[in-house]
Amino acid sequence: MTDSESSSIDIKPEPQPAPTPTKRWADVADDEEAEAAAAGSEEVPDVKSLSIDDQHESKSEFLEDPDDANIKAVTSGDTPYTSAKTFEELNLSPDLIKGLYVEMRFKKPSKIQAVSLPMILTPPYKDLIAQAHNGSGKTTCFVLGMLSRVDPSQKVPQALCVCPTRELAIQNLEVLQKMGKYTGITSECAVPKDSVSRIPASKRPVVMSQVVIGTPGTINSLIATKKLSINFLRILVFDEADHMLAEDGFKDDSLRIMKAIDRSNNRCQVLLFSATFNEAVKSFVTKVVKDHNQLFVKKEELSLDSIKQYKVNCPDELSKINVIKDKILELGQKVGQTIIFVRSRISARNLHNALVEFGYEVTTIQGALDQADRDKIVKEFKDGLTQILISTDLLARGFDQSQVNLVVNYDLPIKYETREPDFEVYLHRIGRAGRFGRKGAIFNLMCTNADRRIIEQIENHFRISIEEVDLQSEKAFETALEKAGLL
DNA sequence: AAAAAAG
């Protein structure tokens, strides 16, 4: 391959015409209504949009990047960025490079890494809103970003990452500690403790770690009690940022963290990462961060081809359980691990009891469990000791277990208030299968007309067609798994 | 309805 046809991407923004009044993110919440009212006269940010159409190398034997070829990069200001073809050109420390090769077994940056890392690591360290497909390596992007922005000689918190669940915070910390193994950078979780070791935030020791990853409640209470110093933070990351800043998500908590940091520190870079940003939340987050760069994917291109989606018409609620045990689990056992998503804790318990009664070994996770039990159930599943996991949307986002090939929507994802389909949750759930380009299948169980309508809307929204699996047909499920490449 | 703080 010659260099001339290689795929370095130069993102050259146009010069800013009029000076845009820069709004600090802490101001946003206060005059959000005013902004909304002025939305008609909203200034269009000065941007240049370009399609990153990297040349596809032959499907490699190694599980690399699923197609993130259609990420739209939008840069602001006049900083040029060049996509990184190798980790070396990012000026990372030798210790960090070693972690990437030896611990992570990375060879070269994935597509989202190639584009986002220069934006994260190039002064003046602009804020970034980054969307990329499920399982494309978002975590490694911001983890690498945090590790490389920390000054190892300064023994104070310099990087903070906020996640929607403690499971995700723990998982992200594990990735960071693995990648940063040779750097000597210290890190810890700020999440609720289990009932045994629980201590009030006011009695917790002062956080000394250079990187802190946690959940909003704990982080806020650590800040409020001065156990977590935010004065020297250089980088603040929101994982699952759309949910972290959504009205029915963690918006208030997240804005409180941002405001506190903004008050005491004006050099903190903010990164917002997620696989999904619906239009409403997108327009809000673009106002929340300062002068920022953006990476976005069109919604039609978010649902991955490597994951085969199916729908199953079930006559009634009871038959959903039969479909799961007679059809899906019988075959599912052969193809790897399965996650079954349910809508409520009660639904989780009912399904759990029914399957256990029929002799299946299943475990269930939901937020009402004791923290220690949650940890145990996740660990058993990640260690492969359990095959079938029932979960509420606790694990819908971010949960990374490569052996999961099958996802079942026992209850379809809908929004609580409107009963409309929740497209974002749908996408996150199916993204638990087929991690990093692997094969996967998802079965959507429908039993009411409302269910069928929801699936229809999902098909329209993502412009996909979800194939039906016939309950009556003997071989239908087997064929479905074959088609998905799992049998 | 799920998640997330103590108490």
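The basis for the numbers below is simple: all heavy atoms, side chains too, and nothing from hydrogens, waters or symmetry mates. This structure is a prediction, so every number in the text was calculated from the model and none was measured.
Using a 4.5 Å heavy-atom threshold, the side chains of A:Val285 and A:Phe238 count as separate.
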Treat primed atoms plus P, OP1 and OP2 as sugar-phosphate and everything else as base, then score nucleotides 2-7 of chain B 5' to 3': B for base contact with protein heavy atoms under 4.0 Å, S for sugar-phosphate contact only, - for none.
BBBSSS
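A cation-pi arrangement, defined by a distance under 6.0 Å to the six-membered ring centre and an angle within 45 degrees of its axis, is present between A:Arg149 and A:Tyr125.
For the residue pair A:Asn172 / A:Asp239, a side-chain donor-acceptor distance below 3.5 Å is found, with atom types taken as modelled.
Nucleotide B:dA1 holds its P atom 12 Å from the CG atom of A:Asp411, rounded to whole Å.
Ring geometry for A:Phe477 versus A:Phe443: interplanar angle of 30 to 60°, hence tilted.
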Check against ring pair (Phe, Tyr, Trp, His ring centres under 6.0 Å), A:Phe296 and A:Phe277
CA-CA 9 Å; A:Phe296 279 114; A:Phe277 285 95; 5.6 Å; yes
